[in-house]
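The block underneath contains the structure these notes are about, expressed in structure tokens.
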Amino acid sequence: MTNKKRLAVDMDEVIADSIARFQEWYGRDFQLELSRESLRGRPAADAVAPEHQAALREYPNAEGFFRDLPIIADSQEVLFELSKKYELFIATAAMEFPNSFVDKYNWLQQHFPFIHWRNFVFCGDKSILNADFLIDDNAYNFDGFHGEGLLFDAPHNAHETRYRRVHSWREVGEILL
Ligand SMILES: [Mg+2]
């Protein structure tokens with residue numbers, strides 16, 4: 001046991017840039033650009049023409065979608081510092097996309113080697129989490145969460161106002177370190 005407070009951190013759009021993969025694959029398949037601005041207040045599939053929406057909805061189910069995703073700026077450095085002060089867990093609702101498991105695991109091992117696999121939580125409903133803080137870009141993951149939710153800024157959550165918003169990992173560090 002430890003007296004440290006417990007911090008849970010989401011993956012997609014918090015430490016892993018999955019929007020970049022949507023942009024990459026949309027360009028590959030349709031030769032069109034998916035701007036971050038067009039994603040404001042809605043999921044990626046809702047930002048494209050109706051005839052392309054089904055394809056975008058399927059992307060996260062496809063093998064390799066979560067492989068080699070870019071890292072969100074400063075997340076490695078700040079989480080390394082936070083890992084000294086907090087009991088740090090990565091909590092991702094991976095069950096939504098079963099093909100993501102191995103890619104997510106490998107990605108964490110490669111880019112966040114200071115986080116032990118015991119602290120990886122691949123889950124479904126995040127209300128099962130028992131932590132003091134949860135950093136997540138999806139406000140619905142704070143429903144039923146008993147700690148404090150910090151909403152990590154992302155285009156799709158632009159209109160969400162119920163939770164404290166953090167815009168960068170530098171800002172997370174200023175709040176939690
Ligand atoms: Mg997320």
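Just follow the structure's listing: the first ligand is 1, and inside any ligand the first atom is 1. Excluded from the calculations below are hydrogen atoms, water molecules and symmetry mates; all remaining heavy atoms, backbone and side chain alike, are included.
At least one N, O or S atom of Asp12, from either the backbone or the side chain, sits less than 2.8 Å from the Mg ion (ligand 1).
For Asp137, the N, O or S atom with the smallest separation from the Mg ion (ligand 1) is OD1. Closest approach between the Mg ion (ligand 1) and any N/O/S atom of Asp10 involves OD2.
Taking the six-membered ring for Trp, Phe97 and Phe65 have ring centres at least 6.0 Å apart.
Within the 4.5 Å cutoff, the side chain of Glu13 has heavy atoms near those of the Ser18 side chain. Between Glu96 and Asp12 the shortest side-chain heavy-atom distance does not fall below 4.5 Å.
In this structure a side-chain-to-backbone donor-acceptor pair under 3.5 Å is missing from Gln110 to Asn106.
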